[in-house]
Amino acid sequence: MELVIETNNLTKRYGSLTAVNKLNLKVQRGSIHGFLGPNGAGKTTTIKIIVGLLRPDEGTVKVLGHELHGGKNEGFLQSFREHADSRLGIGYMPELPKFPKHLKGSELLDIYGRMYGMTEQQRKEQIPKLIEMVGLTGRENDLIGKYSKGMQQRIGIAQALLNNPELVILDEPSLGLDPVGMVEVRELVKNIAREGVTVFVSSHLLFEVEQVCTDVTIINRGTALASDTLQNVSGLLTGPAMIHVEVTQMSQNIIKAVKSLPFVSNVVQTGNTLVIQVTTHENVRAQVSQAITRAGGIIVDMSQKTSNLEDVFLQLVSKDQEGKPQ
Amino acid sequence: MTATNQERPRPSWFTRFWAVVRYEMLWNIRKKKFIAIVIAAFVLVTVDLALPAFFNVSKNPAFAATFSVGNLVFFLIALVTVMNSISGEFESGTIVPLLTKPVSRTMVFLAKVFAAFVIILVTYTVLFIYSTVGGIVVYGPQDNLQLVPLALLGNVISTFVWVAIILAIGSISKSSLFAALGGLVLFIAFVFAGSIIASVSNEAGALNYVPGVGATGVLNVAQRSQNITIQNITVSMNSVSTGTDNIGTNLVNYARYPSATVNITRTDVFSTPPKVIQLYTESIGFIVLRSIAVAFAYILVFLFVAWFAFKRAQIFE
Ligand SMILES: Nc1ncnc2c1ncn2[C@@H]1O[C@H](COP(=O)(O)OP(=O)(O)OP(=O)(O)O)[C@@H](O)[C@H]1O
Ligand SMILES: [Mg+2]
């Protein structure tokens, strides 16, 4: 698989504070890669290095095949190299983006489009489409200085998709959005990924990452604690998972049928409710429901705790924090 | 399907540069400060036109060709045009989306300098048209009108000395306030140093190498118009200054009197009555060449400093 972002021992210090510590990040082409970590974990710092706003102290970064920055020992002149072309295929939405107040929303997109070398025709097609996509229709001719925080966030998403990028980097895209906006962003990310775009999205919202991402890297104190497919990372969780089932009428048949499923390790009954302990973290609700129905039960409620990522996250982060002062 | 980088067309350097110029123009022109200073410049030009007329209403056919918007306007225009053109991007955080577009920092820097040049050129063109028309109204028919563009060009160069200084301070400090205050302190310091040196020391020649008015003297040509006498001091209408602020006027002097010389003098204000002391003599051609060289040296050095700081800057904002 081709990597669109690859960092090697990436390190960045702010004075005595090491914000990013020997980070090896690998983002596969075509994936939706969640970059998850608590506040101050080093997400924004890593992203700023990837887009060329900060210089790393150590390590290397490769984005879309371009080696950025050049290591410290490559010499002074080498460090002057600009990588403007590598940004032609990247769309980036900064954390809480700020745009010139004196420009109108549509003007901003038009000027940025020119910087990408888009023709007048391309801009005419793309800009109204994007404005509609992010829900700013009717406000595109207002000055950005008059936009609300959420509207600035929305124009930020629009400008990140302007150039039909192959890699979209979003730093906390749903920060400051209302609940509807947050759902919209998730849908939008899924939609652009469907077109083959790689999305690298930072977040500290677990459910957000869990709902849209295919891959996830968990970072804390600048170090990756886990980095794999969502499924494999969820699988890092030790201990059994639980399924709760409520039926209209409990019977021994039902219990027997459930117990006979290969992945069930234990069943506890309380009234009309069963708590089923399973050995897998995959979604097995369909099999359980089939078995119960066949045994003559009618299910009124069933839940499997799917937010395994949250457990993994808390487990990994608290383990990492143990004994170390924050 | 999205295009990969290999099949993506690479826009030319110029296309991207031009996009940044547009970006810069739009938000500069909409700045309230800029509009205010253009109005202020009009007021100053009006005063410049009207004030001498109160002392001496005689005809001056050379008014338009020797007109200069003056050193205060140079400084103020430079200040409002560029005081936040780099530092303001840092302060407002707009530098982040800008520098992550496929434009290089060198490109952004050059576009900002170019935009400042265009804005200043256009502003001065309008002011010079105004002063030419005003000159005809106040001082009668004007000669040498073909030299007005030369005066304008000189004024733009003079202003760019301040543009470069203010950009450099702004780029290093990333603060518009520092850029404005630093520029103001230097401006005042040079003006004061200039007048002090000019009145107490014979080393007026040193003033040729700092931004500002320079040394003063008298152009050795036939009287161009009547002298003005205010409280026993006679101000010769042939008076010239040699510094970077007077490139425009001296270019016109050179075009009109290519082989003229200038007697550099200083006025000893402590003797009664004030006495004009003769210092040395230079040719007008040499004076104008030197002031242009000094101006360009400052412009290049400070623009380089500004570029270097901008190029190396990490974006923490
Ligand atoms: N400009 C700066 N100067 C000094 N320290 C900084 C600077 N920016 C970030 N830091 C520090 O670096 C660490 C990582 O910050 P970073 O912004 O990368 O975290 P983050 O993961 O993006 O957090 P959040 O979820 O809050 O956005 C933090 O401890 C932060 O205090
Ligand atoms: Mg952050």
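Residue numbers begin at 1 in each chain, while the letters A, B, ... track the order of the sequences.
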For the pair Leu98(B) and Met115(A), evaluate side chain to side chain contact (heavy atoms under 4.5 Å, CB included) and give the outcome as yes or no after the intermediate values. CA-CA 9 Å; Leu98(B) 178 61; Met115(A) 293 179 193; 3.6 Å; yes
Evaluate Lys98(A) against Glu317(B) for side chain to side chain contact (heavy atoms under 4.5 Å, CB included), listing each step before the verdict. CA-CA 10 Å; Lys98(A) 305 281 187 327; Glu317(B) 284 68 22; over 6 Å; no
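Residues Ala84(A) and Ser104(B) share a closest heavy-atom pair of CB-N, 3.9 Å. For the residue pair Ala19(B) and Arg114(A), the shortest heavy atom distance occurs at CB-CB, 3.5 Å. Taking all atoms of both residues into account, the shortest heavy-atom contact from Pro9(B) to Leu88(A) is O-CD1, 4.3 Å.
The residues Arg16(B) and Asp85(A) are annotated as salt-bridged, a charged nitrogen and a carboxylate oxygen being separated by less than 4.0 angstrom.
Side-chain N or O atoms of Arg55(A) include none that pairs as donor or acceptor with a backbone N or O of Gln314(B) at under 3.5 Å. Side chain of Arg10(B) to backbone of Gly117(A): no donor-acceptor contact under 3.5 angstrom is found.
Both the backbone and the side chain of Thr106(B) have a heavy atom closer than 4.5 Å to some heavy atom of chain A. For Ser92(B), the part lying near chain A is the backbone, with the side chain staying farther off; criterion is any non-hydrogen pair under 4.5 Å. Proximity to chain B (any heavy atom under 4.5 Å) is shown, for Leu108(A), by neither the backbone nor the side chain. For a residue to count as touching a neighbouring chain, one of its non-hydrogen atoms must lie under 4.5 Å from one of that chain's; by this rule Phe316(B) touches chain A with backbone and side chain alike. For Pro100(A), the parts lying near chain B are the backbone and the side chain together; criterion is any non-hydrogen pair under 4.5 Å.
Atom CG of Leu26(B) and atom NE2 of His102(A) lie 11.0 Å apart (nearest 0.5 Å). To the nearest 0.5 angstrom, Leu99(B) atom CG is 11.0 Å from Lys48(A) atom NZ. Taking CD1 from Ile90(A) and NZ from Lys101(B), the interatomic distance works out to 11.0 Å, rounded to the nearest 0.5 Å.
Within a 6.0 Å sphere centred on NZ of Lys146(A), heavy atoms belonging to other residues, nucleotides or ligands number 12 at most. Within 6.0 Å of the OH atom in Tyr130(B), the count of heavy atoms belonging to other residues, nucleotides or ligands exceeds 12. Other residues, nucleotides and ligands contribute only 12 or fewer heavy atoms inside 6.0 Å of the CZ atom of Arg22(B). In this structure, Arg30(B) places its CZ atom where more than 12 heavy-atom neighbours from other residues, nucleotides or ligands lie under 6.0 Å away.
Classification of the Tyr23(B)-Tyr112(A) ring pair by plane angle, with boundaries at 30° and 60°, yields parallel.
Taking 4.5 Å as the limit, every side-chain heavy atom of Glu95(A) sits out of range of all side-chain heavy atoms of Val96(B). Contact of the Tyr116(A) side chain with the Pro11(B) side chain is not registered, since no non-hydrogen atoms from C-beta on lie closer than 4.5 Å.
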Please list, one pair per line, the donor and acceptor atoms closer than 3.5 Å that link side chains of residues 115-128 of chain B to other protein atoms, with sequence neighbours excluded.
| unit_1 | atom_1 | unit_2 | atom_2 | d |
| --- | --- | --- | --- | --- |
| Thr123(B) | OG1 | Ile119(B) | O | 2.6 |
| Tyr124(B) | OH | Thr159(B) | OG1 | 2.7 |
| Thr125(B) | OG1 | Leu121(B) | O | 2.6 |

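When each of Ile95(B), Val103(B), Thr100(B), Val20(B) is scored by its heavy-atom pairs under 4.5 Å with chain A, the top score falls to Thr100(B).
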